[in-house]
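Since the structure is predicted, the reported quantities are computational estimates derived from the model, not experimental observations. Both ligands and their constituent atoms are indexed starting at 1 by order of listing.
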Amino acid sequence: MHGVVIKSTGSWYIVRTEEGDNIECRIRGKFRMSGIKSTNPVTVGDIVDFHLEENSENGIITNIHERKNYIIRKSVKLSKQTHIIAANIDQVFLLVTLENPPTFTSFIDRFLATAEAYSIPAILVFNKIDLYTKELLDKKKKLEKIYRDIGYECIDISATKNINIDKLKVIMKGKVSMFSGHSGVGKSTLINAIHPDLNLKISAISTQHKQGQHTTTFAEMFSLPFSGYIIDTPGIKGFGVVDFSKEEVGDFFPEIFALKQDCKFNNCLHVNEPDCAVKNAVEKGIIAELRYKSYLQLLEDEQENYRVDYFS
Ligand SMILES: Nc1nc2c(ncn2[C@@H]2O[C@H](COP(=O)(O)OP(=O)(O)OP(=O)(O)O)[C@@H](O)[C@H]2O)c(=O)[nH]1
Ligand SMILES: [Mg+2]
Ligand SMILES: [Zn+2]
């Protein structure tokens, strides 16, 4: 038998079969995907083979089909370990709020670079626009211009006021979409707005810290009434870009990638090299300063910089 993993709690997996049955499955003994050191061998979105245990309605997973792609993050405590958030994703929506909680551009850029590295189309969704002041609307507009100019779609929504939810539904139809972003940005609220029957748990962000409360604790996949799947994920703080080499970081910034053949040195890292087309473009304002700073930061790969905002 086979199916898709729609939920994982660490020791149990819910596998949905083509007939639409949900079977609780386990893995037995050592089960490792070659090449990935991760805390979870099986993840949401994985296509797996399994067989039913004797005299039981539960199954044992015996095989994971090759993944089209997957997104990983570094485990917070064990920095060398990674956690696979989800696999076989068609597109990822990054939910962004400029306040309550703030989403910093360094985080957005790290996320986008990761999506580029895995060749997963990424869409920026600015949520909670019902709360935006004139000043925040201006800031959002400037940010959107930067991201649109380099090819990323940006959509303004309000999950609670039902603004532009239909626009999202059109893009999601027939696809596996993953929702990501900091805790409290409204991922679960948005999924409820798209598919109210799901009635996912949400919580107010803490008034003291203006941060989310990590309400969603496991990634989970839901099938949509208009065809397609949606993956809700727990809020993430940092996004570990695990296996980038310095030379390839620029390839995950579309505007840097586009210019690199014009640099004098073909292994130019666009830091201190002479006749660097990228640095020239930054000076002329063709490449946004904040994107370039995010790029430099990724080169250094300093964890503690995750939450630094270069846009203000
Ligand atoms: N005003 C306003 N509040 C919103 C909107 N979307 C979500 N919220 C509120 O933001 C808070 C957090 O929403 P959640 O959906 O729990 O956030 P989440 O991203 O799922 O958070 P985690 O599960 O912790 O990662 C709730 O109080 C929501 O009501 C919106 O469009 N406008
Ligand atoms: Mg949630
Ligand atoms: Zn260069």
Side-chain angles (χ1 to χ4, degrees), residues 7 44 73 85-86 92-103 107 111 125-133 136-137 140 155-165 167-168 178-196 198-207 209-222 230-239 246-251 253 255-284 286-287 292 295-296 299:
K7 185 174 184 172
V44 166
R73 68 171 165 76
I85 302 174
V92 27
F93 292 86
L94 181 65
L95 266 74
V96 171
T97 49
L98 297 186
E99 264 183 19
N100 302 312
T103 305
F107 173 79
F111 185 92
V125 176
F126 290 80
N127 189 29
K128 307 197 186 184
I129 55 161
D130 57 293
L131 296 179
Y132 280 33
T133 57
L136 274 186
L137 284 173
K140 177 183 67 62
I155 303 175
D156 296 341
I157 67 155
S158 165
T160 48
K161 295 266 153 51
N162 227 34
I163 300 171
N164 283 344
I165 305 302
K167 262 196 197 168
L168 282 184
M178 181 177 120
F179 281 29
S180 200
H182 290 318
S183 177
V185 293
K187 299 176 292 296
S188 301
T189 308
L190 173 58
I191 294 172
N192 283 339
I194 290 167
H195 188 11
L198 293 174
N199 206 6
L200 301 178
K201 200 171 153 206
I202 62 166
S203 351
I205 60 168
S206 98
T207 40
H209 304 288
K210 308 275 185 214
Q211 303 281 330
Q213 313 212 36
H214 293 279
T215 311
T216 305
T217 47
F218 294 106
E220 186 165 359
M221 184 154 129
F222 307 99
I230 193 165
I231 302 173
D232 192 14
T233 63
I236 43 174
K237 279 212 184 82
F239 216 70
K246 275 193 192 307
E247 289 70 29
E248 64 188 349
V249 174
D251 295 349
F253 285 68
E255 71 277 48
I256 292 179
F257 180 70
L259 285 180
K260 79 169 189 183
Q261 75 276 13
D262 299 337
C263 293
K264 180 173 177 188
F265 299 108
N266 62 12
N267 59 351
C268 186
L269 289 178
H270 327 299
V271 183
N272 292 316
E273 297 89 340
D275 290 334
C276 167
V278 171
K279 275 197 302 174
N280 285 341
V282 175
E283 273 157 31
K284 286 189 193 130
I286 298 165
I287 286 180
Y292 180 62
Y295 164 76
L296 293 180
L299 269 191

Worksheet item: Counting only protein N/O/S, how many atoms fall short of 2.8 Å from the Mg ion (ligand 2)?
Response: 2

Worksheet item: Just by distance, do the side chain of Lys7 and the backbone of Phe222 share a donor-acceptor pair under 3.5 Å?
Response: no

Worksheet item: Does any N or O in the side chain of Asn100 come within less than 3.5 Å of the main-chain N or O of Ile205, such that one atom is a donor and the other an acceptor?
Response: no

Worksheet item: What is the ring orientation for Phe111 with Phe107, classed by angle as parallel under 30°, tilted 30 to 60°, or perpendicular over 60°?
Response: tilted

Worksheet entry | Aromatic ring pairing Tyr295/His270, orientation class (parallel under 30°, perpendicular over 60°, tilted between) | tilted

Practice prompt. Give the intermediate values and the outcome of side chain to side chain contact (heavy atoms under 4.5 Å, CB included) for residues Thr233 and Met178.
Written response: CA-CA 8 Å; Thr233 63; Met178 181 177 120; 3.9 Å; yes

Worksheet item: Name the one of Lys128, Lys140, Lys167, Lys161 that satisfies salt bridge (charged side-chain N to carboxylate O under 4.0 Å, His left out) with Asp156?
Response: Lys140

Using atom types as modelled, flag every donor-acceptor pair under 3.5 Å from a side chain in residues 259-268 to any protein atom, sequence neighbours excluded.
| unit_1 | atom_1 | unit_2 | atom_2 | d |
| --- | --- | --- | --- | --- |
| Lys260 | NZ | Asp251 | OD1 | 2.9 |
| Gln261 | NE2 | Ala258 | O | 3.3 |

Discussion item. Before moving on, can you tell me the angle at the Zn ion (ligand 3) between the SG atom of Cys276 and the SG atom of Cys268, to the nearest 10 degrees?
Written reply: 110°

I'd like a table of donor-acceptor pairs (distance under 3.5 Å, sequence neighbours excluded) in which one partner is a side-chain atom from residues 277-284, with atom names and distances.
| unit_1 | atom_1 | unit_2 | atom_2 | d |
| --- | --- | --- | --- | --- |
| Lys279 | NZ | Val271 | O | 3.2 |
| Lys279 | NZ | Glu273 | O | 3.3 |
| Asn280 | ND2 | Cys276 | O | 3.4 |

Worksheet entry | From CA spacing to verdict: side chain to side chain contact (heavy atoms under 4.5 Å, CB included), Thr103, Leu95 | CA-CA 9 Å; Thr103 305; Leu95 266 74; over 6 Å; no

Practice prompt. Could you please spell out the steps behind the side chain to side chain contact (heavy atoms under 4.5 Å, CB included) verdict for Thr216 and Leu200?
Written response: CA-CA 9 Å; Thr216 305; Leu200 301 178; over 6 Å; no

Worksheet item: Can you name the N/O/S atom of His270 that is nearest the Zn ion (ligand 3)?
Response: ND1

Worksheet, complete the sentence: Using heavy atoms and a strict 4.0 Å limit, residues surrounding ligand 1 turn out to be Asn127, Lys128, Asp130, Leu131, Ser158, Ala159, Thr160, His182, Ser183, Gly184, Val185, Gly186, Lys187, Ser188, Thr189, Ile202, Ser203, Ala204, His214, Thr215, Thr216, Pro234, Gly235

